[in-house]
Each structure stands twice: as structure tokens, then as C-alpha cells.
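Reminder, nothing fancy here: chain letters follow the sequence lines and each chain counts from 1.
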Protein chains: 2
Amino acid sequence: MKKYLEILKKCPLFDGIGEEHLLTMLPCLGATVSAYDKKYTILMEGTAAKYLGIVLSGSVQTVQVDFYGNRSILSEMTASQIFGEAFACAEVSSLPVSVIANEPCEVMFIDCSHILHTCSNHCGFHQQLIYNLMKDLATKTLLFHQRIEVTSKRTTREKLMTYLLLQSKKEGSRKIVIPFDRQELADYLEVDRSGLSAEIGKLKKEGILDCDKNRFVLL
Amino acid sequence: MKKYLEILKKCPLFDGIGEEHLLTMLPCLGATVSAYDKKYTILMEGTAAKYLGIVLSGSVQTVQVDFYGNRSILSEMTASQIFGEAFACAEVSSLPVSVIANEPCEVMFIDCSHILHTCSNHCGFHQQLIYNLMKDLATKTLLFHQRIEVTSKRTTREKLMTYLLLQSKKEGSRKIVIPFDRQELADYLEVDRSGLSAEIGKLKKEGILDCDKNRFVLL
DNA sequence: CTCCTTTTGTTGAAAATTCAACAGACTTTC
DNA sequence: GAAAGTCTGTTGAATTTTCAACAAAAGGAG
């Protein structure tokens, strides 16, 4: 586990926990590590939701795919970020989303019941973990609000611009590198890919933005 | 505060806390109660996000209104449910949503910093409150996923049917009473009101559902 | 009961999205 | 380096949504 220490120290789940304690804590939590190839389905919709995952390297996406095969990308997590925690903490019986490897990645799994239900004296940091989960979930809720602010717009142009402006504000720069290719961006914005490409073309012509692949510049 | 005891006992924030402790705890938390008329803006977008609210009577909605006046309804809370907790827990400086009174209502406010930052030995139930907040936020995240499952559909018909089927499953009945009027349902589904009315009309004609005001029956 | 306000359903036209198909650019693999 | 596969931009037609306007229905106030 030691090789992942630098990543884990940045994980919001372990805020306020010294690295010496972190390493002794991991076995108690039943932490395991797995590696996945790109596109691999790490957690499948409909299966049990016992574990939360921590991205150690690479990145993962949470996606919903409906009856007709339409995909929605809900979020993307990179190194030291958590996924699946909401479902494990809410103790639902089956996952409402899938989690897939966006690129080759390594993931640490922790059985959430070890955090939620273990005797609270077993480990002095137990309460800290619950506090950290609470903080993390509050932050994730904010991200959902932002996503809804984006997808609630009625036109492709407005969705794209709202998304880019939010990212720009977050990065503090007019230059934005997005973690999506065109199809993924369309699945995040919930619009048609070809219509999205066309709209990006128009915005370029109008001098509102510049774009090369997944790098955007607001003008 | 005593008159609200029955409501507060059902509030997820106070799970596992006996009523005798609940009453002594409220002053420590700095709880205050206010009443509002229908349509009143209880919390305004852009203002501070220090407090979480508990609905004591009536109901409230969290809404986002964009630059052009388009409204999105994000959620609705009725008696003993919590609102604003995500923003207070995430300690954001300004609210990204407004909360309005959907009908005349009474609300209890608690300064969230009293839960997050008070010395953890001050009150034996402090940890329980944080645990409860964590649970509540996990549940809210699930609701957001459901909402996204609904609004990610591309047509008014699909959005409406997905919403009704989810509600039907939740209630365990083909008969559904929704907490929205037509305009509000449109703002929740993120579609045009008149188009929604037309679509409901078509679905009736096709014998797929029956509908009287805010009562729906799936056939 | 009547008047006034709000809500709902309908309509048609304009605007936007979706869909399918294709060609060029770019990557990856062997 | 060639071939296969993937990603992206473009097109036009069909579908759907949005928008504005209006009238009927329902609800509330006096």
C-alpha cells in the first residue's frame, strides 16, 4: 500500500489523518486494490453497492445507460477522488449507475460498512472518516447542482457555454482543458454529438471561442 | 419548541436521538423558527449559506432561476425534511439556489457550524448529528441521480413517463399524486409547459395514462 | 353569487434537436 | 509504413421543442 501513500494523503476521505495512521488503518478497513484496462466496467449498474472506490491512478466515469442505449455521463473522477460513496453510504441494495475506466487505472476499494458500522472505539479516526464522508458528499451535491445548472439549459449552445464558463471560473483561466472527447461531452451535456460539433463550429466562426480538440479558449 | 416535537422526531437529522435530549439540544444548536407565506423566498440565491432548514409544516422548493428567468425546480421538501444542508456543510460562501415557500410554512433553522465545529465532547450526540447528516446527504445524492435519469431523456414524453414510473415504483402504486402543478412539473422535467400539457393529452388519448389535475394513473 | 386571478389546454409558426450517413483526420496495431 | 479502427465535422430531412397568444376552466375574494 505504501506506494499509494501520496495519492491517499490527498484523498478527502483521509483528511486530518496522519500518514502513519493511514497505513495502519487500511487493513482494518479491508482495503483492496485492483487495476483495470480502459473501458472496463468497474462497477455494474444493478449490482451490490457495498464498496466505495478511491482512484489511485488514471480516471473513471460514472455513467447511466438507459433502455435504448443512450448514455449519460454523470461525473468523472481522477486520482485521489472517491466514487460510489453515496450509494454505499445510503446502503442501497443495487447501484443505479455504472462506473467505467476512462483510461487504464488503479482503484482502491473499501467496504463502506467498515466505516459506517464498526464499533466507534475501535479506531480513534472512525469519527473523522464519517465527518470526511459527510464533507465529501456535501461537495458532490454541489457538483450535481452545477451539472443541473448546465443541463437545464434548453439549447446546445447555452449548455456548452454554461459548462465552459463554469469550468473557466473554476480554473481561473479562459483556457480550459476538458476531460471529455466530443461524444463524452455530448453525453455529459445531454445533447446530440453532431449537433454539438456543429454548434462548436458556429461559435468559432462567431469569434466567441477557440477550440482545438479538448482545449477550449473563451474569447 | 415542544409543539414541533413530533415533526422533529421524524427528521433524519435527529435519528437515534431521544426526545428528551432533542429538546435540550435545540438551544445549544441555536435553533430558531420562522413562518412564511406562500411564494416567499426563504433563502435567496447568492446569500450566505450558514443555515440548514427543517420544514416543520407546509412545503418548500429549491429552485434555480437563470439569467433569462427560466426556472428549474430541483427538489421539494415537506414536513420533517431538511434543506440547505449540502451548502452549509460544504461551507460555500454563497447559495447556488433559492428556497421558496411552496405553501404557507414554518421552518426551523440551525446554524450548521454548531454541528460541524463545536467541540465534539460538548454533547454526546454531536457525532450522531454528523452521522445523520452524512446519511441524509447520501440519500439526497440518490434523489439527484433519479432526477438526472428523468431529465436526461430527450423528449417530453420520455421525461414524463420516466418520472411517473419512478414515482409509481416509489409509492408502490399505479396511482400517483404529484406535488407539482403543470408549470412546476414542466420546470422539474425541464420542458415547455404547453408542450407538456399537449403530451399529457396525447398519452390520455392513447390510453397510456389517466390524469386529473395532479393525480395520475398509469394504465 | 359574481368578479378577478390563476391555471390549464390548444393552436400554429418558428427554431432547435435528433438522426443517419458519410468523408476526412487522427490513432493504433501489426 | 500500411491497414484498420476511431473520432470529428458536415449535411439534409424528419421530428420535437419552444414560443406567443388565446380561450376555457378552476379557484379565491369580497
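- Distances were taken from every side-chain heavy atom of B/Glu199 (C-beta onward) to each of D/dT18, D/dT17, D/dC7; the shortest belongs to D/dT17.
- Remark: the B/Ser59 side chain and the B/Glu103 side chain contain an N/O donor-acceptor pair separated by less than 3.5 Å.
- Following rounding to the nearest Å, B/Asp192 (CG) and C/dT11 (P) show an atom-to-atom distance of 15 Å.
- We find that CZ of B/Arg154 is positioned 17 Å from P of C/dA16, with the value rounded to whole Å.
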Exercise for the section: Take A/Arg193 and A/Glu184 through the test salt bridge (Lys or Arg N to Asp or Glu O under 4.0 Å) and record every step on the way to the result. Expected result: CA-CA 8 Å; A/Arg193 180 197 60 77; A/Glu184 289 172 334; over 6 Å; no

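- Side-chain N or O atoms of A/Lys50 include none that pairs as donor or acceptor with a backbone N or O of A/Ser113 at under 3.5 Å.
- In the set D/dT16, C/dT17, C/dC26, C/dT17 carries the atom at the smallest distance from any side-chain atom of A/Thr155.
- Closest approach to the A/Ser194 side chain among C/dT10, D/dT17, C/dC19 is made by C/dC19 (side chain taken as heavy atoms from C-beta onward).
- Between D/dC7 and A/Arg182, no contact under 4.0 Å exists linking OP1 or OP2 to a side-chain N or O.
- The separation between A/Asn102 atom CG and D/dC7 atom P is 11 Å, rounded to whole Å.
- For A/Val191, the listed nucleotide lying nearest its side chain is C/dT18; candidates were C/dT18, C/dT10, D/dT10.
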When the side chains of residues 71-81 of chain A are checked against the rest of the protein, which donor-acceptor pairs come out under 3.5 Å, sequence neighbours left out?
unit_1: A/Arg71; atom_1: NE; unit_2: A/Asp187; atom_2: OD2; d: 2.5
unit_1: A/Arg71; atom_1: NH2; unit_2: A/Asp187; atom_2: OD2; d: 2.7
unit_1: A/Ser75; atom_1: OG; unit_2: A/Thr62; atom_2: OG1; d: 2.7
unit_1: A/Glu76; atom_1: OE2; unit_2: A/Asn102; atom_2: ND2; d: 2.9
unit_1: A/Thr78; atom_1: OG1; unit_2: A/Gln81; atom_2: OE1; d: 3.3
unit_1: A/Gln81; atom_1: OE1; unit_2: A/Thr78; atom_2: N; d: 2.8

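- Both A/Ile200 and B/Lys159 lie near DNA chain D, and the one whose nearest nucleotide falls closer to the 5' end is A/Ile200.
- The interatomic distance linking B/Arg215 (CZ) with C/dT8 (P) rounds to 15 Å, in whole Å.
- A donor-acceptor contact shorter than 3.5 Å links the side chain of A/Lys140 to the backbone of A/Ile82.
- Nearest nucleotide to the side chain of A/Arg193, out of D/dT10, D/dT18, D/dT17: D/dT10.
- Taking 4.0 angstrom as the limit, A/Lys204 places none of its side-chain polar atoms (N or O) nearer than this to OP1 or OP2 of D/dT8.
- Counting any heavy atom pair closer than 4.0 Å across all strands shown, B/Asp181 reaches sugar-phosphate atoms only and no base atom.
- Here C/dT17 presents its C1' atom at 15 Å from CG of A/Asp187, a figure rounded to the nearest Å.
- Atom-to-atom, CD of B/Glu158 to P of C/dC19 comes out at 9 Å; the value is rounded to the nearest Å.
- A straight line from CD of B/Glu103 to C1' of D/dG28 spans 17 Å, rounded to a whole angstrom.
- The distance from atom CD of B/Glu190 to atom C1' of D/dT16 is 17 Å, rounded to the nearest whole Å.
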